[in-house]
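The structure appears below as structure tokens.
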Amino acid sequence: GAVSLGLMSLVALMSGVAKADNPIVQTIYTADPAPLVYDGRVYLYTGHDEDGSTTFNMRDWHIFSSTDMVNWQHHGSPLSLSTFSWASANAWAGQVIPRNGKFYWYVPIRTRGGSTAIGVAVGDSPTGPFRDAIGRPLADNNEIDPTVFIDDDNQAYLYWGNPKLTYVRLNQDMISFSGGLTSIPLTTAGFGARSGNAERPTTYEEGPWVYKRNGLYYMIFAANCCSEHIGYSTGTSATGPWTYRGVLMPTEGRSFTNHPAIIDYKNSSYFFYHNGALPGGSGYTRSVAVERFVYNADGTIPQMKMTTAGAPQVGTLDPYVR
Ligand code: FUB
């Protein structure tokens with residue numbers, strides 16, 4: 001069924017401004033938040049679950065922006081599967097980063113050949129328009145969920161993966177890389193121990209988000225599918241070694257996935273995630289939400305709970321079928 005709109009959201013939709021409370025977007029189902037602070041504004045890139053979906057049904061990505069973290073403007077959908085001639089399905093979790101006066105949007109996509117590959121789109125502004133930067137996958141190893149990070153020495157890294165975790169060193173052009181694909185060792189010291197899954201001995205599942213703060217590297221990620229919680233690790237360099245730091249947000253609510261992102265904006269820190277809190281919400285009709293938080297003095301992150309998580313649908317969580 002369609003998302004039922006409260007009066008607030010209806011007004012918001014008509015005015016093009018999405019309102020306030022969690023979930024951030026109440027006019028469509030959104031997932032996989034990727035915020036970017038640019039030129040004094042927060043741009044929020046999301047996936048889009050189609051109304052009434054009973055499996056992952058995602059064909060395009062959307063952009064929202066805000067200058068107060070309360071009122072969100074919807075910039076529409078300037079990127080979709082049709083942007084990539086080689087795409088067949090799965091407009092899944094991506095991230096945007098500016099460089100060279102351009103904006104690079106990395107996304108996982110199902111190819112016409114059937115594998116899952118990482119594509120890169122490029123635009124001249126944070127809201128596009130965007131075009132396929134290279135006309136083919138940037139990397140094609142049947143893995144998902146890219147996160148991109150530029151270190152202080154200007155070296156850019158792209159990390160992605162489920163069940164593996166891989167990175168490459170991107171070249172200055174941001175649309176090619178040097179040195180090949182490198183596997184990050186998934187050790188329990190680095191990513192925590194998972195029990196009862198011999199193929200996945202650590203909690204790492206998917207959705208990595210890498211950033212650096214006060215000299216410390218952070219990798220936050222979706223853990224222990226299904227249902228997922230959010231965990232995180234810290235490292236002494238962009239390539240590790242990583243040390244597991246624990247659970248950032250426990251499992252809760254109607255969605256069996258969650259997906260993390262963190263930014264600092266106007267002297268506050270914000271944690272973005274998704275759940276199934278809207279009317280009609282589920283693991284396939286999700287919505288993006290945000291919490292403000294304060295880092296502990298030692299740089300660790302306090303554990304957070306969802307606000308407006310939606311009541312759990314006990315016993316009705318769908319298996320995670322790709
Ligand atoms: O939204 C589709 C997939 O579900 C994403 O790629 C994963 O991170 C999970 O959120």
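Just so you know, ligand 1 is whichever comes first in the structure, and atom 1 is the first atom listed for that ligand. Keep in mind the model is a prediction, meaning the values are calculated, not measured.
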> Do you know the tightest heavy-atom contact between Ser269 and Asp264?
Replying inline: OG-OD1, 2.5 Å
> Can you list the ligand 1 atoms lying under 4.0 Å from a non-hydrogen atom of Ala93?
Replying inline: 6 (O)
> Which pairs, with at least one residue in residues 150-176 and sequence neighbours excluded, count as a salt bridge (charged side-chain N to carboxylate O under 4.0 Å, His left out)?
Replying inline: Asp151-Lys212, Asp152-Lys212
> Atoms of ligand 1 less than 4.0 Å from Phe56 heavy atoms?
Replying inline: 2 (C), 4 (O)
> What salt bridge (charged side-chain N to carboxylate O under 4.0 Å, His left out) pairs are there with at least one residue in residues 125-140, not counting sequence neighbours?
Replying inline: none
>> Out of all atoms in ligand 1, which are within 4.0 Å of some heavy atom of Met58? Include the element for each.
In response: 1 (O), 2 (C)
> Can you list the ligand 1 atoms lying under 4.0 Å from a non-hydrogen atom of His259?
Replying inline: 8 (O), 10 (O)
> If you measure from each heavy atom of Glu228 to ligand 1, is any distance below 4.0 Å?
Replying inline: no
>> Set out, in order, the CA-CA distance, both residues' side-chain angles and the distance that settles salt bridge (charged side-chain N to carboxylate O under 4.0 Å, His left out) for Arg194 and Glu205, then state yes or no.
In response: CA-CA 10 Å; Arg194 174 181 339 207; Glu205 182 74 22; 3.0 Å; yes
>> We want to know whether Ser65 and Arg41 form a side-chain donor-acceptor pair, criterion being a heavy-atom distance below 3.5 angstrom.
In response: yes
> Hey, looking at atom 1 (O) of ligand 1, which of Val107, Asp32, Asn90, Asp145 has the closest heavy atom?
Replying inline: Asp32
